[in-house]
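One structure below.
The structure displayed is predicted, hence computed values, not measured ones. Computed from heavy atoms alone, side chains included, the values below leave out hydrogens, waters and symmetry copies.
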Amino acid sequence: MACTILMEAAKQHDKQANIPEQIEKVTDRWTWLKLKKDQNKMAFIKTAGMPAKIHQITNARKPSTEITRAYIKQRTGEINSLRNIISLDQPQIHLQEEIQTYALQASIKLDTDSALAMMRHVRLTWEQLRKLRRYFSSVNTTVASEESMRIRRNQLLGDNIEGKLVPLVFPDTSAKGSNGFAVKETPFVYVKDLPKMVLDLLDRHSQANTLTWHDGMIPDEEIWIKIGGDKGGKMMKMFFQLVNVSNPNSEANTRMFSCFEAKDSVINMDLTLEGFNEQLEALMNMTWQGKKIRLLFFGDLELIDKIYGVLGCNAVYPCPYCETSYADFQLSLQDREAGRLRTQANIKENFERYTTEGNFDKRKSKKISKSIVREPMLCIEPENVVVPSLHVSLGIFKRLYDLLEEECNTLDNTIFNYQVECEEEASQDSQDSQDLVDNNFTQTIRSAKNRLHALKTSIQKKEAKLEDLIEDLPLQLLKLSQVENDKVPTDDDDALQDIIVKQQCLREQIAQMQKELDELKMAFGSGPVSSGLDDVLQKHHIRRQAYHGKTFTGNHVKKACQPEVIEDLAKHALDTVNSMNDHIPLSIFRTASEIKQKYTRILNNFADVHYVINTSNNLSDEEIEKADICIKEFMMSYRLLFPNSRISLKLHILEDHAMQQIRRFRAGLGRLNEQGGERAHKEQNREEAIHSNIQNPLQRLLAMMRAHHTTCCPEVQAKFQRGKKRKTEE
């Protein structure tokens, strides 16, 4: 009865009037129960026409900008569900329409600085940017115009980059060359006013509040600027870096101020740096906001020697920091006095002696001028030349690895000779051959055994022939004496001469075969012990370079200093010998065990040294003393374990000068070393590929320099959209 009354009241109710409160409550309650009954939270209401569909959605209390990612996903799911219901399971049509509607309503515009940042970050050419702009336009995204981008770039760079053709020297052995060299007009691109660029950069970083004094490493009243260079590929580049930033060796902080595509010879360096020495002197005498500017220099040892007039890294006095001779390098600091430190003044004095007393004769420089043969190219004092800790570490580690490889190769030859002798004895006694190390090694031994047998057989045959000739010699001498007494000419004197010649030939052949027999050994690095070292490196993802004498990169040396890598390298020889048959003599096991002990000690000592000199952290007094102990222990171990190995220039710099700078800077050398210059090569290779379509070499180099400085601008760097660093498993 009540339902009938409610139905009649609903039919007669005016649609514009309010529903009575009591009736609305009852209706809402029944509708809610109906929605709860359905799994999809959906209900149908009967009407005079088609049934109406009711779907339950969440009552939002906060806008989507204020909720978590999980709730955003939940709301998106509800929207997708509604889209499926409305479109009868064909939501993609409506989704496309929504995207186009929103794109038209909300046009996206990339401003000039963001467009420049995108262009430089992705390394696009102007032509590539024009094509990309068309695709952006199709989705209602506007990119700043090319004209505005070029104007903004010119504002950031100013009119401070210039290029010209200069005469530089190239090796040339053709007929056109003179004494093996030729002079060619070469593109040279440079910064016109280096002090202006440095001061402008300081102002920009000051405005962005990105300057730092590294917790006291740099005095509060000083600004440090690094000047340096390196040759990568066919291009010689000179850089400057601002040390008062969080990461001085980053690519963005390593700015070129000159570059040319030629050999980094002394004469070419002198010609291209001639104008910069005065600019650097002016910069050293300037102040910025009341702070003094101090210049440091970085580079590899070859470049440093060229800049400061040292004859070379193989000279008698090769160190650019002091006047210690190569012979004195071999003595520890306790057994000799430290050499006099080089300065601008005494370098110029030595060069004066070289010109007046030595008459420019480089052979006399070791006695007259402490191997100084030129004046310094730059005004920076040698004490402000940062120790090239990266190259020092790479050079020392390569030397240790080469020593390990040599000892493993010697062990290979010992095993090889022993196995060959065993094979020879087994074949003579008609016994079965022993089980050898592996197929390749077995084949080498079999081949050597056959060669050994052939040589011994040939020597025996030739010795038998020689004995026969020696026995025939007295008879020929007797016949010759009878001929002389009877004074009747015969052919016996010719027969005697023939026997003497044959004897001489046989003796030479026997000596040659005996020498080959004595030198019968494996090719370097082809034995099971030495060749297996490469497998150890590959196991730990360490690769030697295919060029530059198979050197290591900095990242790979860092990996090689891990305890598990050191253990695998040191024990490799012993593990290989243990895997062989039981007939290996005890002396070989003893040698392999000595290799393990020796290289476990020296590589662990080196790992400590590598960390302390290349860290970028500030060091406390206690840590500085520990660093000193690490270096002393390493040098003591090196001299003890390798008494026949010479102390190189890099080892001398580690022993004499690394701690001087660590104590002075109260930090590792990672912030100040040459790492940034090495990193810059990769960027320049990319720039060269991008601008390779520019035919004019000078314009190409200018375009590369402008692109490089645009990338390094703080305003552009601030707009870079950097992704999160991926976590990689070691």
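- N249 and N673 share a donor-acceptor pair across their side chains, judged by distance under 3.5 Å alone.
- Outside the 6.0 Å centre-distance limit, the rings of Y326 and Y317 are not counted as a close aromatic pair.
- Using a cut-off of 4.0 Å between Lys/Arg side-chain N and Asp/Glu carboxylate O, R340 and E323 are scored as salt-bridged.
- When atom types are taken as modelled, the side chain of R342 and the backbone of C319 share a donor-acceptor pair closer than 3.5 angstrom.
- Residues E678 and L390 are in side-chain contact: their nearest non-hydrogen atoms beyond the backbone lie under 4.5 Å apart.
- More than 12 heavy atoms of other residues, nucleotides or ligands sit less than 6.0 Å from atom CZ of R664.
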Go through it in stages, so that I can follow the logic: the residues are K237 and H708, the test is side-chain contact (heavy atoms from CB on, under 4.5 Å), and I'd like the CA-CA distance, side-chain angles, deciding distance and then a yes or no. CA-CA 12 Å; K237 301 174 279 287; H708 163 73; over 6 Å; no
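- In this structure, V385 and P320 have side chains that are not in contact, with every pair of non-hydrogen atoms separated by 4.5 Å or more.
- For D608 and K626, the salt-bridge test fails: no basic side-chain N is under 4.0 Å from an acidic carboxylate O.
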Test side-chain contact (heavy atoms from CB on, under 4.5 Å) on Q684 and M256; report intermediate values, then the result. CA-CA 10 Å; Q684 290 307 308; M256 275 195 301; 3.4 Å; yes
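- Interatomic distance, L331 CG to E655 CD, rounded to the nearest 0.5 Å: 9.5 Å.
- The local environment of CG in D535 is crowded, with over 12 non-hydrogen atoms from other residues, nucleotides or ligands closer than 6.0 Å.
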Assess whether side-chain contact (heavy atoms from CB on, under 4.5 Å) is satisfied between I396 and V609, documenting all intermediate values. CA-CA 10 Å; I396 293 174; V609 169; 6.0 Å; no
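- A salt bridge links K632 with D628: the distance from a Lys NZ or Arg NE/NH1/NH2 to an Asp or Glu carboxylate oxygen falls below 4.0 Å.
- Within a 6.0 Å radius of NZ in K231, more than 12 heavy atoms belonging to other residues, nucleotides or ligands are found.
- Under 3.5 Å, the side chains of N555 and R543 contain no donor-acceptor pair of N or O atoms.
- S645 and R399 are linked by a side-chain donor-acceptor pair at a separation below 3.5 angstrom, with hydrogens and angles left out of the test.
- Ring-plane geometry between Y599 and F642 is classed as tilted, the angle between the planes lying from 30 to 60 degrees on a 0 to 90 degree scale.
- Annotation: D335, atom CG; neighbour count of heavy atoms from other residues, nucleotides and ligands within 6.0 Å is above 12.
- Checked by atom type and distance alone, the side chain of H681 never pairs as donor or acceptor with a backbone atom of G233 at under 3.5 Å.
- The closest side-chain heavy-atom distance from V387 to L654 is not below 4.5 Å.
- Results of the side chain to side chain donor-acceptor pair (under 3.5 Å) test with Q717 over R722, R120, H121 single out R722 as the only residue that passes.
- When all heavy atoms of L669 and S389 are compared, the closest pair comes out as CB-OG, 3.8 Å.
- The side-chain heavy atoms of I624 and M659, taken from C-beta on, include a pair separated by under 4.5 Å.
- Side chain of H691 to main chain of E687: a donor-acceptor pair is present (N/O by atom type, distance under 3.5 Å, no hydrogens or angles).
- To the nearest 0.5 angstrom, L333 atom CG is 11.5 Å from E337 atom CD.
- Using a distance-only test at 3.5 Å, with no hydrogens or angles considered, a donor-acceptor pair links the side chain of T210 to the main chain of H205.
- Looking only at distances, a side-chain donor or acceptor of N268 sits under 3.5 Å from a matching main-chain atom of K263.
- Of all heavy-atom pairs spanning L672 and V386, the tightest one is O-CG1, 3.4 Å.
- Atom CG of L649 sits about 11.5 Å away from atom CD1 of I647, to the nearest 0.5 Å.
- At distances below 3.5 Å, not a single donor-acceptor pair connects side-chain atoms of H391 with backbone N or O atoms of K650.
- Note that CD1 of I566 is 6.0 Å distant from SG of C561, once rounded to the nearest 0.5 Å.
- Looking at heavy atoms from C-beta onward, I415 lies in side-chain contact with V577 at the 4.5 angstrom threshold.
- The side-chain heavy atoms of N253 and R255, taken from C-beta on, include a pair separated by under 4.5 Å.
- Closest approach of M238 and G229 over heavy atoms only: SD-CA, 3.7 Å.
- The ring of F606 has its center no closer than 6.0 angstrom to the ring center of Y638.
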What do the steps show when you test K571 against T600 for side-chain contact (heavy atoms from CB on, under 4.5 Å), and what is the final call? CA-CA 8 Å; K571 72 176 184 177; T600 298; over 6 Å; no
K234 and E688: salt bridge (Lys or Arg N to Asp or Glu O under 4.0 Å), yes or no, with the steps? CA-CA 11 Å; K234 59 183 180 180; E688 189 173 359; 3.7 Å; yes
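- Atoms CZ and CD1, from F297 and I227 in turn, are 8.5 Å apart once rounded to the nearest 0.5 Å.
- No donor-acceptor distance shorter than 3.5 angstrom exists from the side chain of R601 to the backbone of L641, with no hydrogens or angles considered.
- Ring centers of H556 and H540: at least 6.0 Å apart, outside the cut-off.
- Contact between H541 and K559 at its shortest, heavy atoms only, is O-NZ, 3.4 Å.
- Between the CG atom in L404 and the NE2 atom in H572 there is a gap of 8.5 Å [rounded to 0.5 Å].
- Checking side-chain atoms of S250 against main-chain N and O of N247 turns up a donor-acceptor pair under 3.5 Å.
- When each of D300, D264, D230 is paired with K306, the salt bridge (charged side-chain N to carboxylate O under 4.0 Å, His left out) condition holds for D264 and for no other.
- Here F257 and F239 keep their ring centres 6.0 angstrom or further from each other.
- Inter-residue side-chain proximity for C630 and N605 is flagged as unmet; no heavy-atom pair is nearer than 4.5 Å.
- The two residues R544 and D402 make their nearest non-hydrogen contact at NH2-OD1, 3.6 Å.
- Although no hydrogens or angles enter the test, the distance criterion places a donor-acceptor pair under 3.5 Å between the side chain of N614 and the main chain of H610.
- Contact check for I218 versus N244: side-chain heavy atoms found under the 4.5 Å cut-off.
- Each side-chain hydrogen bond (donor to acceptor under 3.5 Å, both in side chains) pair with one or both residues in residues 588-598, not counting sequence neighbours, appears once here: E407-K598.
- Between the side chains of N618 and R671, at least one donor N or O sits under 3.5 Å from an acceptor N or O.
- The two residues F720 and A117 have their closest heavy-atom pair at CE1-O, 3.4 Å.
- A donor-acceptor contact under 3.5 angstrom links the side chains of Q241 and T254, judged on distance only.
- Remark: the backbone N or O of A560 is not paired with any side-chain donor or acceptor of K558 at under 3.5 angstrom.
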